[in-house]
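Below you'll find the structure, written out as structure tokens, and then a few comments.
These figures come from a predicted structure and were not determined experimentally. Below, chains carry the letters A, B, ... as their sequence lines are ordered, and counting in each starts from 1.
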There are 2 protein chains.
Amino acid sequence: MNPDALRGHMDALLLSVLEREPLHGYAIIEALQERSGGALNVPTGTVYPALRRLERIGYLSSEWATVGGRKRRTYRLTDSGRKQLEGERSAWRQFTTVIGGVLRADTTGTT
Amino acid sequence: MNPDALRGHMDALLLSVLEREPLHGYAIIEALQERSGGALNVPTGTVYPALRRLERIGYLSSEWATVGGRKRRTYRLTDSGRKQLEGERSAWRQFTTVIGGVLRADTTGTT
DNA sequence: CCTTCATACATAGGTTGTCTACATATAGGG
DNA sequence: CCCTATATGTAGACAACCTATGTATGAAGG
């Protein structure tokens, strides 16, 4: 998966995996792998800064927890983030429609 | 349309509009607008450098023409570019499948 | 004539998100 | 003791897209 292709869609992915339940960064990376059938291997250097950014914007909130001697920062969707996720989904649909339409370009039979 | 979303898909768009016939930069911009129903307004500062990049890579070739006193640089797909377009299309399908799958995440009824 | 708009190309510099590489730390198995 | 899995994080590189600006021609209108 070309890294550049992810540009601008990372937020939607992160918000989406957090929709059902709060998760910590490492678990988010695993969730993305699983849900994508292994296609999405997002490095920590991408995920952690992105999560912080989303929290700063107000789409996520976080709190520390210690599980089995290891510290985790667990992120959860805020109301604002849940609303944003809706927006991301509709933006995604529009995006795929527009780009897909240009790429298909079946305009063979113009006349 | 969020600019970042286009990242990594610009090449596919450009190659795609050049599939049927050679076009010059200005006409390419107009073609993208038309084919996207006005959704895609790609600035010249994006298109011209991108076309040069694609030519440098070998996906496009260009030649100058003068039409009505105005100079045009007309780009056409090379064989390599045509092959690349196929690759871009299949990459696009894979991309939408993967991201779309994660975004949907209808995994409401587990178990 | 002169202004304005559409056509047509081009680049310098800024922005920003993703990646690579590295650093740190604990738990558990061999 | 070492290695792996778990877990978080940052610094700096990179690349693509955008903004802003510059040039030049032709046609239309006043």
Side-chain angles (χ1 to χ4, degrees), chain A residues 1-15 17 22-34 36 39-57 59-60 62-75 88 91 95 98-99, chain B residues 1-15 17 22-34 36 39-57 59-60 62-75 88 91 95 98-99:
Chain A
M1 180 75 64
N2 172 28
D4 277 325
L6 271 315
R7 275 272 191 145
H9 305 291
M10 202 65 230
D11 292 9
L13 292 173
L14 294 174
L15 296 177
V17 292
L23 291 172
H24 61 285
Y26 194 85
I28 289 171
I29 293 171
E30 289 181 320
L32 285 173
Q33 280 178 350
E34 285 165 24
S36 66
L40 243 38
N41 287 295
V42 192
T44 67
T46 296
V47 169
Y48 289 115
L51 289 172
R52 287 170 159 278
R53 179 169 52 79
L54 291 174
E55 183 174 23
R56 186 165 41 77
I57 299 173
Y59 297 155
L60 300 179
S62 73
E63 53 188 63
W64 283 99
T66 302
V67 179
R70 294 203 192 83
K71 285 190 175 177
R72 295 174 174 175
R73 190 201 280 262
T74 302
Y75 289 90
E88 296 279 358
F95 172 73
V98 168
I99 307 296
Chain B
M1 179 78 61
N2 171 27
D4 276 324
L6 272 313
R7 276 274 191 143
H9 305 290
M10 202 65 233
D11 293 7
L13 292 174
L14 294 175
L15 296 177
V17 292
L23 292 172
H24 62 285
Y26 195 84
I28 289 172
I29 293 172
E30 290 182 319
L32 285 174
Q33 281 178 349
E34 285 164 23
S36 66
L40 243 38
N41 287 293
V42 193
T44 66
T46 297
V47 169
Y48 290 116
L51 289 171
R52 286 171 159 278
R53 178 169 51 80
L54 291 174
E55 183 174 23
R56 185 164 41 77
I57 299 172
Y59 297 155
L60 300 179
S62 73
E63 52 188 63
W64 283 100
T66 303
V67 178
R70 295 204 191 80
K71 285 189 176 177
R72 295 173 174 175
R73 190 200 281 264
T74 302
Y75 289 90
E88 297 278 358
F95 172 73
V98 169
I99 307 295

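- Between A:Arg73 and A:Arg52 there is a side-chain heavy-atom pair separated by less than 4.5 Å.
- Looking at heavy atoms from C-beta onward, B:Leu40 lies out of side-chain contact with B:Gln33 at the 4.5 angstrom threshold.
- Ring pair A:Phe95/B:Phe95 is perpendicular by interplanar angle, where above 60° counts as perpendicular and below 30° as parallel.
- Rounding to the nearest 0.5 Å gives a distance of 10.0 Å between CG of A:Leu15 and CE of A:Met10.
- Between the C1' atom of C:dC19 and the CG atom of A:Leu51 lies a distance of 16 Å, rounded to the nearest Å.
- Between the CG atom of B:Asp4 and the P atom of C:dT16 there is a distance of 9 Å, rounded to whole Å.
- Using a 4.5 Å heavy-atom threshold, the side chains of A:Arg72 and A:Thr66 count as separate.
- At whole-Å resolution of the value, CZ in A:Arg7 and P in C:dT15 are 14 Å apart.
- The nucleotide range of DNA chain D contacted by chain A, defined by atoms under 4.0 angstrom from heavy atoms of the protein and reported 5' to 3', is D:dA5 to D:dA16.
- B:Tyr59 is not listed as a side-chain neighbour of B:Tyr75, based on a closest heavy-atom distance of 4.5 Å or more.
- Within the 4.5 Å cutoff, the side chain of B:Leu14 has heavy atoms near those of the B:Leu54 side chain.
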Per-nucleotide protein contact string for nucleotides 7-12 of chain C, where B marks a base within reach and S marks sugar-phosphate only (heavy atoms under 4.0 Å, - for neither): BBBBB-

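- For the pair B:Leu6 CG and C:dT15 C1', the computed distance is 16 Å after rounding to whole Å.
- A side-chain donor-acceptor contact under 3.5 Å links A:Ser62 and A:Glu55.
- Distance, A:His9 NE2 to C:dT16 P: 18 Å, rounded to whole Å.
- Atom-to-atom, CZ of A:Arg56 to C1' of C:dT16 comes out at 12 Å; the value is rounded to the nearest Å.
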